[in-house]
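Residue numbers count from 1 along this sequence. Just so you know, ligand 1 is whichever comes first in the structure, and atom 1 is the first atom listed for that ligand.
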Amino acid sequence: MNLKLLFITILSAGMTCMAQDMNNVQFPHMQKTSARKEIRIPNILGFQTLKCDFHMHTIFSDGVVWPTVRVTEAWEEGLDAIAITDHIENNPSKKFVTGDHNASFDIAISEADEKNIILIHAGEVTRDMPPGHLNALFLNDVNPLDTASPIDALMAAKKQGAFIIWNHPGWKAQQPDTCLWMPMHQELFEKGLINGIEVFNEQEYYPVVLDWCLNRKIAVISNSDIHDVTAHFYDIENGKHRPMTLVFAKDRSQQSIKEAMFENRTLAYFDNKLAGKKELLEAIFKASVSASPTGKTDGENRELYEVSNISAIPFIVENMKGQTVTVPAESTIVLPLNLADYQELTIRNCYTGSNSVLHVNMP
Ligand SMILES: [Zn+2]
Ligand SMILES: [Zn+2]
């Protein structure tokens, strides 16, 4: 480098320094980019598969977050629809926040519209057992549900066309030993005041409730009931997810979600497990997993197949000899398959009852 060039280099370096704003320097690369993690679960039977969480809290009951945070979390975690369900009868923050039972919905709705998250207007009727806690969804106004008797609250919800979910029936604080369907639940059910029941809640599973739902044709529901920030409670960064309800809807709209729920087209999804009606489980499995011959053989002259899973749910598949293989999510594996052993499959992580799993016949 000649002296003249060195001089120019030093001068321009000096000028770069001088050009720096001495009052406010921005480091935008330090800010996290808000990104949505898509959950790929195929559409089935002509319906769209929507990922929903119908149970969560904000500071307008005993949650710790502002309502708009629930929308951002849902968007980032790949959900399509949520219901904010603050307790009607329990608001420990009342001293610090004002607002009626519609406040959390009113605050979150514009954020939801902007992010294309379907926000369902809802509230949680919070009573001793029986009947326990029930979420009323698709309300216009939560305030009329603030009544002395729980039946009156649910009747007020029904008047607005609500879909009513019995929450966490096996929660040990209310049913310490056995999860019971009590006479009052029978009465509510007969009055059309129990339309869905949570099979998964927060980090719990109630196997007996899956049987209740299937025997009585009640929609299976899986909800987070999150009070904390979701990423504080669930290990989202490491690929874990909150409980969610898969709703099979005609289109991605609130009206179609409601219709699908009343028509019992839901599956409960949590911890890589699916629970619900056999037809829906079978359709999801068959739309997700496929096998095709590679035309090659292994060292023992067995035909090799590519087995692909296009969904976010890994499937644990057992063949007729009791051999088990996990087909990982959104992956392809190569396996030697003797097709005769795979005419009937048992899908270990698809629950069709408290004590039964999905069996599928392969064509
Ligand atoms: Zn509850
Ligand atoms: Zn709750």
Side-chain angles (χ1 to χ4, degrees), residues 52-67 69-71 73-74 77 79 81-94 97 99 101-105 107-108 119-139 142 145-147 149-151 153-154 157 162-176 179-182 184-185 188 193-206 208-209 212-213 218-230 232-234 242-245 261 268 270:
C52 311
D53 181 2
F54 302 114
H55 192 169
M56 62 193 69
H57 296 275
T58 76
I59 61 159
F60 288 90
S61 59
D62 55 350
V64 301
V65 309
W66 189 248
V69 174
R70 291 292 177 231
V71 175
E73 290 171 336
E77 291 168 36
L79 296 176
I82 59 170
I84 296 176
T85 51
D86 281 313
H87 298 290
I88 294 167
E89 301 83 350
N90 173 24
N91 182 358
S93 310
K94 200 75 211 165
V97 293
H101 298 304
N102 296 313
S104 42
F105 177 84
I107 290 166
L119 179 65
I120 294 159
H121 200 164
E124 181 168 11
V125 175
T126 309
R127 307 296 174 120
D128 293 338
M129 186 68 73
H133 297 191
L134 298 101
N135 279 347
L137 311 184
F138 308 106
L139 300 174
V142 186
L145 279 64
D146 196 348
T147 62
S149 116
I151 303 253
L154 298 173
F163 183 93
I164 299 171
I165 299 167
W166 179 8
N167 301 334
H168 47 71
W171 183 34
K172 286 189 175 292
Q174 289 196 324
Q175 302 234 55
C179 184
L180 293 173
W181 176 279
M182 298 178 176
M184 190 191 279
H185 300 118
L188 294 180
L193 299 174
I194 293 179
N195 310 117
I197 314 182
E198 286 180 346
V199 172
F200 296 109
N201 170 283
E202 195 197 58
Q203 43 139 339
E204 299 183 341
Y205 171 43
Y206 317 113
V208 67
V209 174
W212 294 354
C213 289
I218 295 172
V220 291
I221 304 288
S222 173
N223 289 328
S224 71
D225 197 0
I226 189 73
H227 291 67
D228 202 342
V229 172
T230 53
H232 289 179
F233 192 87
Y234 299 105
R242 66 170 98 188
M244 56 189 87
T245 307
M261 291 173 82
F270 186 45

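The Zn ion (ligand 1) has no N, O or S atom of Asp225 under 2.8 Å away, backbone or side chain. Checking His168 against the Zn ion (ligand 1), an N/O/S atom falls under the 2.8 Å cut-off. Residue side and main chain included, His57 places an N/O/S atom under 2.8 Å of the Zn ion (ligand 2).
Centred on the Zn ion (ligand 1), the angle running from Glu124 (OE2) to His133 (ND1) is recorded as 90°, rounding to 10°.
Screening Glu124, His55, Glu89 for a side chain to side chain contact (heavy atoms under 4.5 Å, CB included) involving His133 leaves a single residue, Glu124. Screening Leu137, Leu134, Leu188 for a side chain to side chain contact (heavy atoms under 4.5 Å, CB included) with Ile164, the sole residue that qualifies is Leu134.
Under the 30°/60° scheme for interplanar angles, the aromatic rings of His185 and Trp181 are found to be tilted.
Listed for the Glu73 side chain is a donor-acceptor partner under 3.5 Å among the backbone atoms of Thr230.
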